Amino acid sequence: MVYDKDTIYIIGDAQASVNNPITQQFSAFFIGLVVDTASHKIVDAGCSSTIPLTSDFVRSIFIGHNMLLLDVVAEEIRQRYHGSSQKALIVAYKDAQKKYKLALSGREELGFQSSGTV
């Protein structure tokens, strides 16, 4: 997949419970988000998971949401995701949101403008 030049990639991480298979395989829980900096919309997502369906489902939760709206996404996670990594998923999203805000600040300081092109 090709992403627009206005997109950036952000990783958020969190610790999952010790008995979680994701922790046993990866040592931590990660989400990767591709975000359009012009609209703040999440255009793609993935996560560390032991089952591909988990990553696909998590992707469906994030795509289309505004990266700056933590409470809306966290509530959707609570309502829809009932895996053992639910809390880690919310914490990883908070971490990604923090990094996204820092990235936006850095882009502004460097004078980046949204191009609207691929």
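The basis for the numbers below is simple: all heavy atoms, side chains too, and nothing from hydrogens, waters or symmetry mates. If you're wondering where the values come from, they're calculated on a predicted model, not measured in any experiment.
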Checklist outcome for this item: The complete set of salt bridge (Lys or Arg N to Asp or Glu O under 4.0 Å) pairs with one or both residues in residues 85-97, sequence neighbours excluded, reads Asp95-Lys99

Checklist outcome for this item: In short, Leu69 meets Tyr93 closest at the heavy-atom pair O-OH, 4.0 Å

Next on the checklist: Measuring from atom CD1 of Ile31 to atom CD1 of Ile90, what distance do you get when rounded to the nearest 0.5 angstrom?
Outcome noted: 10.5 Å

Checklist entry - Transitively linked via ILVMFWY side-chain contacts under 4.5 Å: Val34 with Ile11? => result yes

Checklist outcome for this item: Closest non-hydrogen atoms of Phe62 and Ala45, given as atom of the first, atom of the second and distance, are CB-CB, 3.9 Å

Checklist entry - How would you list, by chain and number, every residue that makes a side-chain contact (heavy atoms from CB on, under 4.5 Å) with Asp56, sequence neighbours excluded? => result none

Checklist entry - Between Ala14 and Ala88, what is the shortest heavy-atom contact and its length? => result CB-O, 3.4 Å

Checklist outcome for this item: side-chain hydrogen bond (donor to acceptor under 3.5 Å, both in side chains) filter on Lys101, not counting sequence neighbours, yields none

Checklist outcome for this item: To the nearest 0.5 Å, atom CG of Leu104 lies from atom CD1 of Ile10 at 8.0 Å

Item to check | Approximate separation, where rounding is to 0.5 Å, of Gln97 CD and Leu33 CG | outcome: 10.5 Å

Next on the checklist: My understanding is that only residues two or more places apart in sequence, or in another chain, count here; which of them pass side-chain contact (heavy atoms from CB on, under 4.5 Å) with Phe57?
Outcome noted: Ser60, Ile61, Arg80, Tyr81

Next on the checklist: Show every salt bridge (Lys or Arg N to Asp or Glu O under 4.0 Å) that has at least one partner inside residues 60-69, sequence neighbours left out.
Outcome noted: none

Checklist entry - Leu70 and Val91: same hydrophobic cluster, using ILVMFWY side-chain contacts below 4.5 Å? => result no

Next on the checklist: Filter on side chain to side chain donor-acceptor pair (under 3.5 Å), then keep only pairs touching residues 63-73, sequence neighbours left out; what's left?
Outcome noted: His65-Glu76

Checklist entry - Stepwise, does the side-chain contact (heavy atoms from CB on, under 4.5 Å) test hold for Thr7 with Val35? => result CA-CA 5 Å; Thr7 59; Val35 184; over 6 Å; no

Next on the checklist: Can you classify the ring geometry of His40 versus Tyr100 as parallel (below 30°), tilted (30 to 60°) or perpendicular (above 60°)?
Outcome noted: perpendicular

Checklist entry - Considering all heavy atoms of both residues, which atom of Cys47 and which atom of Ser55 are nearest to each other, and what is their separation? => result N-OG, 3.4 Å

Checklist entry - For the residue pair Asp36 and Val43, what are the closest heavy atoms and their distance? => result CB-CG1, 4.3 Å

